[in-house]
Every structure is written in structure tokens, then in C-alpha cells.
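Below is one structure, written out as C-alpha cells; comments come after it.
Side-chain atoms are counted along with the backbone in the values below, which use heavy atoms only and exclude waters and symmetry mates. The structure presented is a predicted model; accordingly, all values stated were derived computationally and were not measured.
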Amino acid sequence: MDDTYGQVIAGGHCEANRLNRLNNPTDVLIDKETDSLIICDQDNRRVVRWSRRSGTTQGEILVDNIDCWGLAMNDQRYLYISDYLKHEVRRYQIGDKNGTLVAGGNDKGAGLDQLNEPGYIFVDQKQAVYVSDWGNNRVMKWNNGAKEGIVVAGGQGEENAVTQLSQPNGLFVDTSGTIYVADAENQRVIRWPQGKKQGTVIVGGNGEGAGANQFKYPCGLSFDRHGNLYVVDKGNYRVQRFSIEETQNYD
């Protein structure tokens, strides 16, 4: 099979709200236990599960009536979903339609107990939730059971200094607590060690463009087990792979 061509495994029809279609999907994760994909079907205002087994023609709704953007799942298979219009993140058991509030939920704002259009999320081994607080240009960490979060990256205005973020998107946190964030409007990926007041640009940061060292609104990122970084380069209609030195603990 030629691996330069993708294979459609969910959706692929024109946008609509039928269960065999998706409308502006923004995030996806793999549920290994059920061999399925869990997809944030944003414009249909729902999260759906779609089996990876051959012959699957439609998904099933896990949570609906939600303005979802980002997804995460912990080791206990609890599902975390950000709602960018309610400015909150909730945790769900599979089959639960209501969930438990774990971040935000105190209206739109910049307080430590608030979020402003939360996007992508990441959950660590201690069940702490990291949130790309898009409208506040910061990354927040909400420890398990906390009533307010901690600013762990950005939050110093919307510019391109290494102390700042502009429209943070995709997140990854390694086991040392180092944060990697797609700093979308700054056209870069920045690495932010735990407890530090500033980050380090690891790829991009060379202005908007289509060069190999440039981005046009990077919005998603992921690492493989070998330490390669994959970045969704939205405006250039591509995914780029980078080999990053001095990174560790990706599993």
C-alpha cells in the first residue's frame, strides 16, 4: 500500500449532522480498548465514537449539545472535553452525558478560575488538566479537584516575546512537566519547562510562510515514541515532521 496517500476512516461525505458524516472536526483521539476513534465533531455540536474496524459506516454519539474543541483521555478512560462557548472543561465517563466540571465554568474571563474560549487540552498522569486558554493567550494547569488554575505558559499579553503566546493551540506535556505548545499566531512551536517564566522556540518563529522552517497557523502537535514532533500546519495544508533534540518522555 502506498503510504503517501491517506485512507478515509470516518466521514468523507459533505458536511451534515447524520451519523455517517462529520462537520468541521477539530480533534481526534484513539481509544485502544475499543479500537475506535473519538472525534470532536464541532459544527455538529457533538463528540462521536467511530470504530476502526472495516465495514464501519457511521459513528455513535457519546456527548451531544456541546460546543467542543479539544479532547483528551486518561488511563482510566475518562474522557475530557473542552467547551469553548461555556468556557469550561468537563470529564466524562463513557456513557455519561453530563460530566464533571474540572476547569473553568465561571463565565468568560481572565481570572484564575476562568477560561476564555478553551481549545486543546492535555491530561497528565496525576489527572491534572492543561488547557490552551486561547482567548487569554496562556496555558493553564488545573490540578485534580482544584477550584482554580495556574498559569504555566504565556499570560503576558499577545505578542511574540518568549514570555508570551498568541492564540495557543495544540498541547503536549512530557513526564518532566515540560509543555510544548503550538503558538499559532506567532507561527512557532515553543517549549516551556515547568516553573519557568519563559519558553524556548524549538521550530518555526521565522514569520508566516511555506518554507521548511516556517508555518502558517500551526494548530496541532504530537510526538511519536522516537521523539519526532508532528505539527499540523493548517494554513499550508500540510503536516510537518521535525526531529527535536533534547526531548524525552513521550510515552
Side-chain angles (χ1 to χ4, degrees), residues 3 5-85 89-96 99 117-124 129-132 134 168-173 180-182 184 189 217-225 228-241 250-251:
D3 63 6
Y5 292 87
Q7 178 184 6
V8 177
I9 55 175
H13 307 282
C14 61
E15 71 272 9
N17 64 0
R18 290 184 235 164
L19 282 173
N20 67 338
R21 301 187 181 185
L22 301 171
N23 192 351
N24 192 28
T26 55
D27 205 0
V28 61
L29 58 83
I30 298 173
D31 182 2
K32 295 179 181 179
E33 185 164 313
T34 61
D35 193 23
S36 62
L37 302 176
I38 297 177
I39 303 167
C40 176
D41 188 11
Q42 186 187 84
D43 284 359
N44 283 326
R45 303 188 64 244
R46 66 192 184 190
V47 174
V48 296
R49 179 165 57 192
W50 204 295
S51 175
R52 298 172 68 199
R53 299 183 182 94
S54 61
T56 300
T57 59
Q58 67 179 39
E60 60 172 319
I61 297 172
L62 295 180
V63 181
D64 58 5
N65 297 314
I66 183 171
D67 293 292
C68 56
W69 190 285
L71 302 171
M73 182 177 280
N74 67 13
D75 292 340
Q76 289 75 44
R77 299 187 66 251
Y78 281 86
L79 181 63
Y80 295 73
I81 309 172
S82 65
D83 187 318
Y84 67 96
L85 289 186
V89 179
R90 285 185 174 269
R91 180 182 63 225
Y92 298 80
Q93 284 185 294
I94 299 298
D96 172 18
E117 297 189 22
Y120 293 97
I121 52 180
F122 186 92
V123 180
D124 70 13
V129 182
Y130 294 78
V131 186
S132 282
W134 187 90
N169 273 250
L171 279 178
F172 183 89
V173 184
Y180 299 79
V181 56
V189 175
Y217 207 86
C219 62
L221 56 80
S222 182
F223 281 97
D224 65 22
R225 66 183 61 189
N228 295 305
L229 171 66
Y230 297 80
V231 183
V232 178
D233 190 8
K234 183 177 180 179
N236 283 320
Y237 312 107
R238 66 188 182 185
V239 177
Q240 293 205 74
R241 182 180 66 191
Y250 304 101
D251 291 333

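Residues Tyr130 and Asp124 meet the side-chain proximity criterion, which asks for heavy atoms closer than 4.5 Å. With a 4.5 Å cut-off on side-chain heavy atoms, Val63 and Arg46 do not count as touching. A 4.5 Å side-chain heavy-atom check between Ser132 and Trp134 finds every atom pair outside the cut-off. Using a 4.5 Å heavy-atom threshold, the side chains of Glu60 and Val48 count as separate. Side-chain contact between Asp27 and Gln42 is absent, with no heavy-atom pair separated by less than 4.5 Å. Counting only heavy atoms from C-beta outward, the side chains of Asn169 and Val181 never approach each other to under 4.5 Å. Ile38 has its side chain within reach of Leu79: a pair of non-hydrogen atoms, C-beta onward, lies under 4.5 Å apart. Within the 4.5 Å cutoff, side-chain heavy atoms of Leu37 are placed close to those of Arg52.
Residue Ala182 comes nearest to Val189 through the heavy atom pair CA-CG2, 4.5 Å, listed as atom of the first residue, atom of the second, then distance. Shortest non-hydrogen contact noted between Ser51 and Ser36 is CA-CB, 3.8 Å. Scanning all heavy atoms of the two residues, the minimum distance from Ile81 to Ile121 falls at N-CD1, 3.9 Å. Nearest heavy atom pair, residue Thr26 against residue Tyr120, reads O-OH, 3.2 Å. Contact record, Gly119 with Ser82: O-OG, 2.6 Å, taken as the closest heavy-atom pair. Between Val131 and Val129, the shortest heavy-atom contact is CG2-CG1, 3.9 Å.
Judged by distance alone, the side chain of Asn236 and the main-chain N or O of Arg238 form no donor-acceptor pair under 3.5 Å.
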Using residues 66-74 as the side-chain source, report each donor-acceptor pair under 3.5 Å to any protein atom, sequence neighbours left out, with the distance given to one decimal.
unit_1, atom_1, unit_2, atom_2, d
Asp67, OD1, Arg45, NE, 3.0
Asp67, OD2, Arg45, NH2, 3.4
Asn74, OD1, Gln76, N, 3.0
Asn74, OD1, Arg77, N, 3.1
Asn74, OD1, Tyr78, N, 2.9
Asn74, ND2, Tyr80, OH, 3.3
Asn74, ND2, Gln127, OE1, 2.8

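The CG atom of Asp64 sits 10.5 Å away from the CG atom of Asn44 when rounded to the nearest 0.5 Å.
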Practice item. Before giving the answer on side-chain contact (heavy atoms from CB on, under 4.5 Å), spell out for Leu229 and Arg241 the whole-Å C-alpha distance, their side-chain angles and the decisive distance to 0.1 Å. Key: CA-CA 6 Å; Leu229 171 66; Arg241 182 180 66 191; over 6 Å; no

Check your understanding: Given Tyr230 and Asp224, is the side-chain hydrogen bond (donor to acceptor under 3.5 Å, both in side chains) satisfied, shown in steps?
Key -> CA-CA 8 Å; Tyr230 297 80; Asp224 65 22; 2.9 Å; yes

Review point. Are Leu22 and Ile39 close enough, and set up right, to give a side-chain contact (heavy atoms from CB on, under 4.5 Å), and what steps lead you there?
Key: CA-CA 9 Å; Leu22 301 171; Ile39 303 167; 4.2 Å; yes

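Residues that satisfy the side-chain hydrogen bond (donor to acceptor under 3.5 Å, both in side chains) test with Ser222, not counting sequence neighbours, are absent from this structure.
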